[in-house]
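I have placed the structure first, in the form of structure tokens, so that the comments after it can refer back to it.
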Number of protein chains: 2
Amino acid sequence: MWVSRRTDYATRAILTLSLEGGGPLKLEEIARRTAVPQSVLEQVMPTMRTAGVVRSERGPAGGYRLNKDPSEITLERIVRLFQGPLAPISCATRHNPEPCPMMVGCTLRDVWEEVRDATISLLGGVTFADLAKRAGGPWLDPALIAPVPNPSPTT
Amino acid sequence: MWVSRRTDYATRAILTLSLEGGGPLKLEEIARRTAVPQSVLEQVMPTMRTAGVVRSERGPAGGYRLNKDPSEITLERIVRLFQGPLAPISCATRHNPEPCPMMVGCTLRDVWEEVRDATISLLGGVTFADLAKRAGGPWLDPALIAPVPNPSPTT
DNA sequence: GAGTATCCTGACAAAGCTTGTCGACTTCTT
DNA sequence: AAGAAGTCGACAAGCTTTGTCAGGATACTC
Ligand code: FES
Ligand code: FES
């Protein structure tokens, strides 16, 4: 029932990119806006690049930009990249569920599957275009990102 | 997005007790029927006793039985006993959510809350009476519980 | 009341996972 | 050539989960 920190970071990053018009954002800039440690983003962004969600450009004036229209990126897509299966228990996964000793006629599994499906349905039904549209105001509180991402090198 | 093993065990135990008519079941017997290591059940059952879900009797002919009617025990109740908050992320818990740097106007949180609410709604809407009623056949595959709970004492 | 069956409690070690960090490298621009 | 990015893999610390155990307490039986 819990999402990993990297999943959190990734979704925030994509939302940030969705709010930005077209130009690429430097990793450092994304880190600042999302209040994510830069060193972790350095690990998260390439994963999304490999998956074809974002595109990167090197050298000065480089950075990351979306590789698709925000309306084509569902929250489910991102979550699945970093999270394992979305089922709450191993006997209720969609792809080769682990056999559980009580599988034969176990009615609990039905409920776990319902939870799984509800989750998938919600996450799959939301795109980053939706999220960006809903985000009106200044959705980042400057006061709270004072403690900078990579604070200082072992000080 | 994942439920702990102890939660799994606990729900299986309660379902087992719900299927049993009235008489108390020995911990050892529950362990066998649910294919749960007895030593772990020894830790899980008392938790549910303290919570008032089950009742125990000592001595020979002792064991555990439900302390309420199965129709009064929701799956949510049991899950909450062993699982932390049901929200998928710390900024979306119902009780004192942890402030997240992007809280101001973050539209992601809305979705996390929807997931949370959907989960709660599903788990809260199912009682063990429902689960027991739906369970018709021999819902335990004997072949699979061959590897006994507490195999043998350091042999 | 001795003996036995059962539950109770707390402490614990091993294993696994998550988190954040680092250093050395590649690619692009000027 | 120099500098500004992104890329990759390895890793240590910390946390959580999992299962185990030993000794104790209570209730029944004879
Ligand atoms: S099948 Fe795994 S808990 Fe029922
Ligand atoms: S408020 Fe926590 S992710 Fe948006």
Side-chain angles (χ1 to χ4, degrees), chain A residues 1-10 13 17 23-32 34-51 53-65 67 82-85 88-90 147-155, chain B residues 1-10 13 17 23-32 34-51 54-65 67 81-85 88-90 147-155:
Chain A
M1 305 285 165
W2 207 261
V3 140
S4 85
R5 208 101 201 212
R6 275 165 160 91
T7 305
D8 177 18
Y9 294 162
L17 288 175
L25 281 183
K26 291 192 240 257
L27 193 144
E28 191 207 342
E29 178 64 16
I30 303 178
R32 182 165 25 246
T34 54
V36 168
Q38 182 167 337
S39 50
V40 178
L41 256 200
E42 257 164 20
Q43 198 185 42
V44 163
M45 297 306 294
T47 302
M48 297 202 274
R49 191 186 115 272
T50 304
V53 178
V54 300
R55 200 149 57 87
S56 70
E57 283 155 39
R58 303 223 218 188
Y64 287 94
R65 66 177 87 207
N67 196 30
F82 296 92
Q83 209 74 13
I89 195 171
S90 59
V148 175
N150 270 343
S152 46
T154 333
T155 308
Chain B
M1 305 276 154
W2 207 261
V3 139
S4 86
R5 208 104 200 210
R6 276 166 161 90
T7 305
D8 179 17
Y9 294 161
L17 287 175
L25 280 183
K26 290 187 244 239
L27 193 145
E28 191 206 343
E29 178 63 17
I30 303 178
R32 181 166 25 247
T34 54
V36 168
Q38 182 168 335
S39 49
V40 178
L41 256 200
E42 258 164 18
Q43 196 184 45
V44 162
M45 296 305 293
T47 301
M48 297 202 275
R49 191 185 115 274
T50 304
V54 300
R55 200 149 59 87
S56 69
E57 282 155 39
R58 303 219 221 193
Y64 287 94
R65 67 177 85 208
N67 196 30
L81 270 182
F82 296 92
Q83 208 75 11
I89 195 170
S90 58
V148 174
N150 271 344
S152 45
T154 333
T155 309

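We name chains A, B, ... by the order of the sequence lines, and we start the count at 1 in each one.
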statement: Rounded to whole Å, CZ of B/R65 lies from C1' of C/dC7 at a distance of 14 Å
statement: All heavy atoms of A/W2 vs all of A/Q83, minimum pair found to be O-NE2, 3.0 Å
statement: Judged by nearest nucleotide, the residue sitting upstream toward the 5' end of DNA chain D, A/T50 or A/P60, is A/P60
Residue pair A/K26 / A/G62: nearest heavy atoms and the distance that separates them: CG-O, 3.8 Å
task: Please tell me if the side chains of A/V44 and A/F82 come closer than 4.5 Å, counting only heavy atoms from C-beta onward.
output: yes
field: Distance, rounded to the nearest Å, where B/E28 contributes CD and C/dC8 contributes P
entry: 15 Å
Protein N or O to nucleotides 15-19 of chain C N or O, pairs below 3.5 Å:
from   : atom 1 : to   : atom 2 : distance (Å)
C/dT19 : OP1    : A/R5 : N      : 3.0
C/dT19 : OP2    : A/R5 : N      : 3.2

field: Value in whole Å for how far the C1' atom of C/dC28 lies from CZ of A/R55
entry: 15 Å
Restricting to nitrogen or oxygen on both sides, can you table the protein-nucleotides 22-26 of chain D pairs closer than 3.5 Å?
from   : atom 1 : to    : atom 2 : distance (Å)
D/dA25 : N3     : B/R58 : NH1    : 3.2

- prompt: Are A/M1 and B/M1 close enough that some pair of their side-chain heavy atoms sits under 4.5 Å apart?
  reply: no
statement: Residues at least two apart in sequence or cross-chain that pass side chain to side chain contact (heavy atoms under 4.5 Å, CB included) with B/E57, listed by chain then number, are B/P24, B/R55, B/R65
- prompt: For A/S56 and D/dA5, is the shortest distance between a side-chain N/O and OP1 or OP2 below 4.0 Å?
  reply: no
- request: Would you kindly give the CD-to-P distance between A/Q38 and D/dA5, to the nearest whole Å?
  value: 10 Å
field: Donor-acceptor side-chain pairing of B/S4 and B/T7 below 3.5 angstrom
entry: yes
task: Specify the separation, in whole Å, of atom CE of A/M45 and atom P of D/dA5.
output: 15 Å
query: Rounded to the Å, how far apart are B/L27 CG and C/dC8 P?
result: 8 Å
- prompt: Under 4.5 Å between any side-chain heavy atoms of A/M45 and A/I30, yes or no?
  reply: yes
task: Please determine which of A/L25, A/L27, A/V53 meets the side-chain contact (heavy atoms from CB on, under 4.5 Å) test together with A/Y64.
output: A/L27
- request: Please report the closest heavy-atom contact between B/A13 and B/L41, naming both atoms and the distance.
  value: CB-CD2, 4.4 Å
task: Measure the distance from CD1 on B/I30 to C1' on C/dT6 and round it to the nearest whole Å.
output: 12 Å
